[in-house]
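Since the structure comes first, as structure tokens, the remarks are kept for the end.
Worth saying up front: this structure is predicted, and the values here are computed from it rather than measured. All chains are named by letter (A, B, ...) in the order of the sequence lines, taking the proteins before the strands, and each is independently numbered beginning at 1.
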Number of protein chains: 2
Amino acid sequence: MTVMKDKIVSLADKLIRIKGFNAFSYKDIADPLAVKNAAVHYHFPSKADLGIAVVKEEMDRFQHNVQRWQELPEDEQLAHLFDVFRRHCYAGNVCLMGSLAPDYETLTPPMQDKINDMAEAIVEWVTAVLENGRNNKRFHFKGSAGDRALLVISNLQSSLLLARVMGPETFDRISRQLLEDLRS
Amino acid sequence: MTVMKDKIVSLADKLIRIKGFNAFSYKDIADPLAVKNAAVHYHFPSKADLGIAVVKEEMDRFQHNVQRWQELPEDEQLAHLFDVFRRHCYAGNVCLMGSLAPDYETLTPPMQDKINDMAEAIVEWVTAVLENGRNNKRFHFKGSAGDRALLVISNLQSSLLLARVMGPETFDRISRQLLEDLRS
DNA sequence: TTGCTTACTTACTGGTAAGTAAGTATTTTG
DNA sequence: CAAAATACTTACTTACCAGTAAGTAAGCAA
């Protein structure tokens with residue numbers, strides 16, 4: 001990825017999180033980077049191409065983090081994930097999934113597929129962490145690890161949404177409770 | 001509210017839940033109702049006016065439901081709320097808050113205020129139900145009722161979002177777990 | 001040095017968005 | 001029955017959007 005291409009994807013990521021996919025335009029990207037909208041189209045012919053690149057970058061970041069954390073105890077791994085979301089919260093961002101899911105029906109099938117992949121990857125990882133953590137007695141919960149993982153992800157996601165409306169402390173109140181539930 | 005006005009609000013509600021606020025247009029409303037876009041502007045001069053009316057109608061519906069349920073035991077009251085969301089889920093809708101929160105920064109201040117009011121009303125009601133339910137031994141949970149209410153709402157909200165991406169059974173898996181956690 | 005590629009710009013298109021001004025038919029009211 | 005309000009339509013504006021065609025400057029490659 002060239003420098004410009006990377007700048008475009010980063011800015012698009014930010015715009016999706018702040019305004020939503022359908023609410024930002026190529027101009028919103030071109031102007032701050034001091035290029036013309038055609039330059040953005042040169043790198044990403046359609047808006048869907050750009051959207052897919054943003055999701056791909058997010059997945060790469062996630063995979064990279066997961067790898068860095070893999071030697072840690074499961075509760076710390078999960079805490080790191082919470083921290084990623086926490087930082088987004090205090091930066092005024094919502095998570096990619098939280099922003100793209102409401103617009104899901106307006107997106108092209110390739111982009112929908114990419115979002116599915118991302119959801120699957122996160123669910124898979126959280127499920128494994130919870131499962132292993134329960135085996136190691138670091139987590140305690142009823143039901144299947146998969147169901148519990150959905151609950152955790154669901155909370156991370158929408159606590160960012162609620163935080164936007166009700167203030168960032170909302171995120172802390174929800175996530176504190178969620179982690180405590182898993183400990184006892 | 002006249003018949004046409006009501007039809008417009010209902011359709012706008014549906015469009016917000018399916019496509020998002022920034023992705024639907026006055027044409028999307030005018031065409032199915034067989035009127036011109038100017039007719040929609042006659043009833044709701046700006047899109048923000050329409051958005052506010054949609055939120056207001058949702059709040060009225062909520063207040064009406066709450067009143068109908070008020071004599072029921074707290075666990076049944078909560079179950080009814082879950083059922084409202086469940087029906088939305090299987091209709092392919094996300095909840096209003098879940099759809100509007102990602103777009104929050106692009107909305108006019110009066111609309112943001114209205115969304116705040118809605119969030120507050122729901123949190124207040126769920127908090128009271130959980131608090132009373134715990135006193136009546138119908139619910140068992142640690143921490144404050146307010147924090148637990150945020151957790152419940154957060155889950156209802158984003159399980160609808162996740163369900164859109166991962167299928168409607170996702171909603172059932174999350175909500176079943178959430179209700180079981182409150183019972184024991 | 002000629003030719004090809006990269007990374008753009010310039011200038012435009014067709015389409016759609018929200019919103020408005022002026023007119024009209026129908027109903028309501030004094 | 002006349003005036004006024006209601007509920008629109010017609011016809012339009014301004015603005016912006018995603019996307020494209022054609023051109024260009026700079027670098028590298030044979």
Provide a list of protein-nucleic acid N or O atom pairs under 3.5 angstrom, restricted to nucleotides 8-15 of chain D.
from: dC8(D); atom 1: OP2; to: His43(B); atom 2: NE2; distance (Å): 3.2
from: dT9(D); atom 1: OP2; to: Lys36(B); atom 2: N; distance (Å): 3.0

Check: [Y] main-chain N/O paired with [X] side-chain donor or acceptor under 3.5 Å:
X         : Y         : answer
Arg134(A) : Phe141(A) : yes
Ser144(A) : Asp147(A) : yes
Ser99(A)  : Cys95(A)  : no
Ser159(A) : Asn155(A) : yes

Query raised in the report: For the side-chain contact (heavy atoms from CB on, under 4.5 Å) test, which of Leu72(A), Asn65(A), Asp75(A) pairs with His80(A)?
Result: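 Among Leu72(A), Asn65(A), Asp75(A), the one that satisfies the side-chain contact (heavy atoms from CB on, under 4.5 Å) with His80(A) is Leu72(A).
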Query raised in the report: Rounded to the nearest Å, what distance is computed from the CG atom of residue Asn22(B) to the P atom of nucleotide dC16(D)?
Result: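 Interatomic distance, CG of Asn22(B) to P of dC16(D): 15 Å.
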**Report entry** Interatomic distance where NE2 belongs to His41(A) and C1' belongs to dA11(C) [whole Å]
**Finding:**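 Computing the His41(A):NE2 to dA11(C):C1' distance gives 14 Å.
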Query - salt bridge (charged side-chain N to carboxylate O under 4.0 Å, His left out) pairs, two or more places apart, involving residues 100-119 of chain B - result: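 Listed once each, the pairs are Arg164(A)-Glu105(B).
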**Report entry** Heavy atoms from other residues, nucleotides or ligands near CD of Glu120(B) exceed 12 (cutoff 6.0 Å)
**Finding:**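 Counting other residues, nucleotides and ligands, CD of Glu120(B) stays at 12 neighbours or fewer.
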Hey, can you pull the donor-acceptor pairs under 3.5 Å for the side chains in residues 30-43 of chain A, sequence neighbours left out?
from: Asp31(A); atom 1: OD2; to: Lys27(A); atom 2: NZ; distance (Å): 2.9
from: His41(A); atom 1: ND1; to: Pro45(A); atom 2: O; distance (Å): 2.8

Query - Rounded (10°) bend between the five-pair end axes of the helix from dT1(C)-dA30(D) to dG30(C)-dC1(D) - result: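 Nearest ten degrees gives 0° for this helix.
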Query raised in the report: If every non-hydrogen atom of Tyr90(B) is compared with every non-hydrogen atom of Pro168(B), which pair is closest and at what distance?
Result: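 So the minimum-distance heavy-atom pair works out to CE2-CB, 3.7 Å.
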Restricting to nitrogen or oxygen on both sides, can you table the protein-nucleotides 15-17 of chain C pairs closer than 3.5 Å?
from: dA17(C); atom 1: OP1; to: Ser25(B); atom 2: OG; distance (Å): 3.2

Report task. Please list, chain by chain and in numerical order, all residues satisfying side chain to side chain contact (heavy atoms under 4.5 Å, CB included) with Leu15(B), sequence neighbours excluded. Result ->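 Leu15(B) satisfies side chain to side chain contact (heavy atoms under 4.5 Å, CB included) with Leu11(B), Lys19(B), Phe24(B), Asp28(B), Ile29(B) only.
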